[in-house]
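First listed ligand is number 1; within each ligand, the first listed atom is number 1.
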Amino acid sequence: MIHYKKIAPSIMCSPLFQLDTYLTELERCADMIHVDIMDGSFVPNYTLGTDFVRQLKQTTTLPLDIHLMITDPERKLDWFTFGDGDYVSVHFEASRHLNKALGMIRQRGAKAMVAINPATPICALDSVLEDMDGVLVMTVNPGFAGQKMVDSTLQKIRRLRQYLDDADCQHVEIEVDGNVSFENAKRMSQAGANIFVAGSSSVFSPGQSVSENTALLKRMIHI
Ligand code: DX5
Ligand code: ZN
């Protein structure tokens, strides 16, 4: 099955006080907006919040790709504004009732994504294959932008694609998040990823405009 390749710029990496300008540019070149939500407990950082998501949803025409780095997400999904066409990722490591959380996301019309940290094995997905639409492979330990890719995650992407195809889950997408640089993105794409969270090392890297950086990223992954 061929999955369309999609670019999801990580809005926490953008100059937040010029967000209007950046949103206009992103709407011309990106496929969705990656929104990192952190609770200071599951990860040692805070970023964007529920009001930000609500206002972003009212402002942009792009789908949201909400990445919930929060504990017990199944208790908090109602705090967030999302619906048809959006993607919502919850962490395997953060949920005591993962299949319930995934079902709640699907009930609201969004794609249910399971996020797994670099050290979490692929077999963690064994019992939720039917409940998920995609896997968010963390290629860094979540919490901060600007980190370096954990090298072992490249092979993990390749193994995950094979694991999903062998389980007759060709429809399940693979998203990658963390140091998706121009060079890393090419290798991640070759390994089987089809959704690319682009942050400080690609779309928002200094020296070129967001449009120019996104065009370069698309060339690297052959969009
Ligand atoms: C990290 C976040 C990522 C981050 C990506 O925990 O989930 O989305 O913003 O930033 P870069 O691309 O700089 O690694
Ligand atoms: Zn993220």
Within the 3.5 Å criterion, strictly below it, is a donor on Tyr87 or Glu175 matched to an acceptor on the partner's side chain? no
Protein heavy-atom partner closest to atom 6 (O) of ligand 1 - residue, atom, separation in Å: Gly143 N, 2.7 Å
Residue pair Thr71 / Lys76, side-chain heavy-atom distance below 4.5 Å: yes
Enumerate the atoms of ligand 1 whose separation from the nearest heavy atom of Gly146 is less than 4.0 angstrom. 11 (P), 13 (O), 14 (O)
So if I count the atoms of ligand 1 from 1 in the order they appear, which ones are less than 4.0 Å from some heavy atom of Val197? 8 (O)
Numbered atoms of ligand 1 (with element) below 4.0 Å of Ser200, judged on heavy atoms: 11 (P), 12 (O), 13 (O)
Check Asp86 with Arg108, please: is the shortest side-chain N to carboxylate O separation under 4.0 Å? no
What atoms of ligand 1 come closer than 4.0 angstrom to any heavy atom of Gly178? 14 (O)
Any N/O pair Ser10/ligand 1 closer than 3.5 Å: yes
Taking distance alone, with no angle check, do Asn141 and ligand 1 share an N/O pair under 3.5 Å? no
To the nearest 10°, how many degrees is the angle His67 ND1 to the Zn ion (ligand 2) to Asp36 OD1? 90°
Surrounding CZ of Phe92 (heavy atoms of other residues, nucleotides or ligands, distance under 6.0 Å), is the total greater than 12? no
Side-chain donor/acceptor of Arg54 to backbone N/O of Trp79, under 3.5 Å: no
Residue Met38 vicinity, atoms of ligand 1 by number, heavy atom under 4.0 Å: 6 (O)
Classify the side-chain pair Asn179/Gln147 by whether it contains a donor and acceptor separated by less than 3.5 Å. no
Would you mind running through ligand 1 and noting each atom that sits below 4.0 Å from a heavy atom of Asn179? 11 (P), 12 (O), 14 (O)
Are His91 and His67 an aromatic pair, judged by ring center distance below 6.0 Å? yes
Check whether the side chains of Asp36 and Ser10 place a donor and an acceptor atom closer than 3.5 Å, and report yes or no. yes
Using heavy atoms and a threshold below 4.0 Å, how should the contact between Cys13 and ligand 1 be classified: side chain, backbone, both, or neither? side chain
Output yes when the distance from some N or O of ligand 1 to some N or O of Ala198 is under 3.5 Å, and no in every other case. no
Note the single closest protein heavy atom to atom 3 (C) of ligand 1, along with its residue, its atom name and the distance in Å. Asp177 OD1, 3.0 Å
For His34, the atoms of ligand 1 under 4.0 Å from one of its heavy atoms are 8 (O)
So is Val140 close enough to ligand 1, meaning a heavy atom under 4.0 angstrom away? no
Between Gln162 and Asp166, do the side chains contain an N or O donor and an N or O acceptor separated by less than 3.5 Å? yes
At less than 4.0 angstrom from any non-hydrogen atom of Met12, what atoms of ligand 1 do you find? 9 (O)
With the Zn ion (ligand 2) as the apex, the OD2/NE2 angle for Asp177 and His34 - to 10°: 100°
Nearest neighbour in protein (non-hydrogen) for atom 1 (C) of ligand 1: Phe144 O, 3.6 Å
Under 3.5 Å, is there a donor-acceptor pair between the Arg158 and Gln155 side chains? yes
Test Phe144 against Asn45 for side-chain contact (heavy atoms from CB on, under 4.5 Å), laying out the working first. CA-CA 7 Å; Phe144 299 91; Asn45 196 2; 3.4 Å; yes
